[in-house]
Every structure is written in structure tokens, then in C-alpha cells.
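In what follows, a single structure is set out as C-alpha cells and then discussed.
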Amino acid sequence: MLLDTPHTQHRVEPPPPAGLLDNLRGAAYRVGALAKHNTLIRLRDPGQMISYVAMPMVLMLVLKPLYVRAVEGGATQVATGLMVMFSVFAISIAGNAILVERTWRTWDRLRASRAPATELLLGKTIPIFVVMVVQQSILLVYGCLVIGLPIPRAPQYVVFAIAIWAFALLSIGAALATIVRSHGELSVISDVGALTLSSLGGALVPLSIMPEWAQVAAHISPGYWALTMMQAAVRGDAAGTLAPAGVLLAIGLVAGTFAVRRLTRGWGRGHLL
Amino acid sequence: MLEAIDLVKCYGPVRALDEFSLSVAAGEIVGLVGHNGAGKTTFVEIVSYLTRPDGGHVTIDGKPPSAVKGRVGVAPQHIALYPSVSVREHLELFGKLAGLRGQALTTAIDDIVAALRLSDFIDRHAAVLSGGQQRRTQAATALIHRPALLLLDEPTAGADLETRQAMLDVVKQRAGEGAAVVYTTHYLPELTELQATIAVVRDGRVIARGTHEELVDGLPGEVQLTFDNEEEITVSTTHPANTLIDLLSRADRPISTVDVRNPSLDDLYRSLAVSNAP
Ligand SMILES: Nc1ncnc2c1ncn2[C@@H]1O[C@H](COP(=O)(O)OP(=O)(O)OP(=O)(O)O)[C@@H](O)[C@H]1O
Ligand SMILES: [Mg+2]
């Protein structure tokens, strides 16, 4: 290897990977190292994750009687609605995780390593994806056991719906993190945005009792598509799950592509308050 | 090993690099010195493929920086560590990212911990380390995989004597093993100790390049005599030894102290600053 300094005691840099398989193995090793590293960071600062699980649990319990009296299928509405709403709040977990790499200047440090940007992003996002999936799963299980959400007839639809929604949220969070200039900006956008979009989407007040214009406007909210998808998945309605999943997948891909491009370039020194 | 030709980098109206050219051979340590804002860090960022130049080009071992990314060891000027992650965990991460695994990783960590004396705080989180300890940790993440090109941007800024010495020893050792080193500093005596060749940067270009001796050759030093009655004479001269003999032979009063100062890098730096002033 040309670039290695001669060193007699031990080879410190392995020879360059020969084939495609070796390249993949190398990439998997680096992504694994990054994912482990990012999981450590998440676990050492679990506050946000805990509150986004605990708060909706409390709210579901408190609000359930109201929903049950107000609309048909009130239990389903309160469980899926608050699950969707608080999963939108979890965007800020993704956003913060990426933004801190800018404030700590560590993103450039990683970019200077051998790992290309896609590996850096995978290693960064896999643990957050897991966090989001776990959050939504806990809330749905809690919904079934405590709130009276009907036990899903086809759990695989629910798993699929959760995965799609987590992907869309993660991409939106990553994209946001690349354009904001501070943690303050990020929390304003993600909290106000989450509240607006998820309530517009029918997560707080059932769409059926909202004014007509709001029912139309709801379609611009990813929260609307998530809620429709989750409720269909719980019912075991395949077609009803797939259509909104397509919309969310598209949103996720657009936001994700934007984030990848932005993160690949880096920021240099500017653009942070 | 490293070849940069006519690099240009503009930030709006600022020309951070303005036809910056520099080559560094394997085993050579180049001390990059120059005023604040001269363009040293911008150069390091381009070589480590964090920034693209607007003009000119860089090759590392004949290849563009993108092709050898990660086989270069970079210690940025600003501390870039994860506050809640320990020193050992940092070394593991950057070792693994460089492709080290198993026993090779363990050995590499042990080596760099010993060389930069990190063992006292190896299990502490970066957030609670002192400035000098953070510096050493940051340098360790750049050195762990024994890269063939080292870019150390002010690795001893804010460091105490012990940290400075540990750093200089490792850099000398790595250069001895054949690594090319770009070493940025504002502390010129370090470069003498490293036996580095020197590149003086001003306003985005290298305006002087050579060994210490070549660069200070022809610059005036100083001879100072102090007499018993506390009177002093100071003479600026390009031949301090001859001047001293001359002064001593002509002295008509008892002399208490004699001080001879050969031209230093500081003199060079000052002379260039004056002669190149815009
Ligand atoms: N991302 C950026 N945006 C705007 N200006 C920049 C950017 N990066 C560097 N500059 C400018 O480029 C010039 C060179 O900066 P650089 O950091 O390379 O200097 P330096 O020689 O490392 O200085 P120092 O000794 O202070 O570290 C400076 O005027 C700086 O303000
Ligand atoms: Mg600098």
C-alpha cells in the first residue's frame, strides 16, 4: 500500500480491500462502528426520548373518556392520534442529533475520515430510526393494553406502517437540521411545526368534527397521511395502508435526498449562529 | 508525497488562498507559519478534502485528495470531540473508521496512549478534559492509524510543556518512519526542535520556503555589550561573531556581560512581514 508508512512491528493499516465483497465488508464495519458510537451518545442523553414516550401515555389516559364520548372509535382515535403527534415531536431527536455534529465541529472530523458521507449518515440515522420505531411500538402496545385500541388483525401492516413513518420523520428531521442555524431555531420549527401539522392532520381533534376547509387542508400534512395509514394498518386494511404509505415514502425520499446532498458538502465554518 | 500547485480559494471578497503552492516529501516535516488569516487552515481543509479549491490542484501520492480520503491524518485547529464520549471510545471510533480491527486496533490504541500520555484520563468523557488533554486526544485520533500524511493544525495551541514535548516527540518519530507532516504553529522554536523545513504563508501564498538555516542566512543578528558602569551598546550585524571580536578588541572599559544573538525565525518572520507589507 503506497500510503502506509513503513512500520516493522505490526501492520497498522490493512491492505486495500480487493473485491466488491471486501468493500462491502469494510463499509459494514465502519457503519457498525458509527452506529455503536451514535447509540452510546443517544443512551447517554435519553431525556427527550423518555419524555416523548411518557407524555403521550399520560395524555392518552386522561383524554380517553372525552374521545370515547365525542366520536365513534374514540379509543382508536386517541391512541393513534397522540402516537402520531408525539412521533412528529420526535423529529427534533433526529434534528438535534445531526445539528450537534455541526456545533461540535465533529461532522467535518468524520468527513475527513475514510467513511464516505452515505456511511456517516447510515451510522448516524440507524440508531435514531430504532428509537423512533421503539417509541411508536411502545405507544401502540400501550394503546392496545391500556387504552382499548383494538388488537391489530394483521400486525405486519402495523410494522410496515411504523417503519415507513419513522423513515419519513427521520428524513424530515435530517433535512431540517441541515438548514437551521441553531438549536433554538430547530426547536421552534419542530415543535410549532409538529403541533400545527399533526393537529391539522387530525391527530388531536378527529377530522370528522373539523370544519370542511380544515378537512381539505389536512391533506398537506404528513400527519394526516400517517394517521390514515396507522388507522388502516390497525384495521388490517391493506389498500388503505399502502396508499398513504406511498405518499409518506415520497416525502421521505425528497427530504432524505436533500439532507444527504447537504450533509455531503458540509458547511465549512459559517452558517451557525 | 503532497503536491499543491497554485491553489486559489475565495470566500466572497476574501482570497483565503491566492496561488498557494507547496510540496512536502515523505519523511519531511514542514512548518507552516504565517499571520492570523494567512490561509494555513484553509490549505489544511483543502488537502483533507473538506473544502474544494476554486483553482489549482492538490495531489497526495499522485492521487487527488478524494481518492486517499481517510488515509490522511487530520487534527483540526478547533477541538472537535464528542462531549459525552470517553477518550478510549474516541480512539476506537477513529481507529475503526480507518479500518483497524481486532488486535491491530488494540495495539494501535495502546501505542498512541503511551506516546501522547493519555492513560491518566483515558476513561473520562471529553467534556471534562482540560484544554491540553483535549488537544492530545484530538491529535491521537489523527495519529492512531499511522497515516502517511499528517496534517496537524496548531496541535500544541494552549499546551503545557509536557504536552508540547510529547507531541513533538511523536511527530518526529512518525516523520522518522516516513510520514510527511504539515505542522502549523505560531510558536517558532518548535520548528527548530522538529528540524522542520519552513513555509512562510502570507495573504494566501507561500512567500518563503526552505530550511531554517537557508531562510535566516543573511538576516542580521545582534551583539550586545554591557559595561561595568551599566552603559550598553547593541550592534545589529549579519556576522555576529566577527563583530563581537571587533568590539572586544576596541573596548576601552571593563565589560560585565556579552550577549550574542544569532538571527532567529522570529527575525525572518519580522523581516518578511516588513518587506512584503502591502
Ligand atoms: N468558511 C469561510 N467563510 C468565510 N471566510 C472564510 C472561511 N474560511 C476561511 N475564511 C477566511 O479565509 C482567511 C484565511 O483563514 P484561515 O483560517 O485559513 O487562516 P489561518 O492562517 O489558519 O489563520 P490562524 O493563524 O488565525 O489560524 C481568513 O480571512 C478567514 O476569515
Ligand atoms: Mg488556522
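Throughout, a chain's letter reflects where its sequence line sits, starting with A, and its residues are numbered from 1. Reckoned from all heavy atoms, side chains included, excluding hydrogens, waters and symmetry mates.
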Heavy-atom contact with chain A under 4.5 Å, split by part of Ala26(B): neither
Rounded to the nearest 0.5 angstrom, the OG-CG distance for Ser84(B) and Leu40(A) is 8.0 Å
Indicate yes or no: at least one non-hydrogen side-chain atom of Glu119(A) is less than 4.5 angstrom from one of Leu97(B). no
What part of Glu92(B) gets within 4.5 angstrom of chain A, counting heavy atoms only: side chain, backbone, both, or neither? side chain
Chain A: which of Leu151(B), Leu105(B), Val85(B) shares the most heavy-atom pairs with it under 4.5 Å? Val85(B)
If I measure from the heavy atoms of chain B, does Glu101(A) come under 4.5 Å with its side chain, its backbone, both, or neither? side chain
If you take all heavy atoms of Leu110(A) and Tyr82(B), which pair is closest and at what distance? CD1-OH, 3.1 Å
With distance as the sole test, does Arg111(A) use its side chain to make a donor-acceptor pair with the main-chain N or O of Leu50(B) at under 3.5 Å? yes
Within residues 29-39 of chain A, which residues come under 4.5 Å of chain B, heavy atom to heavy atom? Tyr29(A), Arg30(A), Ala33(A), Leu34(A), Lys36(A), His37(A)
Decide yes or no for Arg105(A) and Pro76(B): does some side-chain heavy atom of the first lie under 4.5 Å from some side-chain heavy atom of the second? no
Let me confirm one number: the CD1-OG1 distance from Ile79(B) to Thr106(A), rounded to the nearest 0.5 Å. 12.5 Å
Grab the two heavy atoms, one from Ser86(B) and one from Arg44(A), that are nearest each other, plus how far apart they are. N-NH1, 4.2 Å
Does the cation-pi check pass for Arg114(A) over Phe94(B), that is, NZ or CZ under 6.0 Å from the six-membered ring centre and within 45° of its axis? no
Ser66(B) versus chain A, the contacting section by heavy-atom distance below 4.5 Å: neither
Take atom CD of Gln195(B) as the centre, draw a 6.0 Å sphere, and report whether it contains more than 12 heavy atoms from other residues, nucleotides or ligands. no
Given heavy-atom pairs under 4.5 angstrom as the criterion, report whether the side chain, backbone, both or neither of His125(B) touches chain A. side chain
Within this structure, what is the NZ-OG distance for the pair Lys96(B) and Ser113(A), rounded to the nearest 0.5 Å? 14.0 Å
Smallest separation among heavy atoms of Arg109(A) and Thr141(B), with atom names: NH2-OG1, 2.9 Å
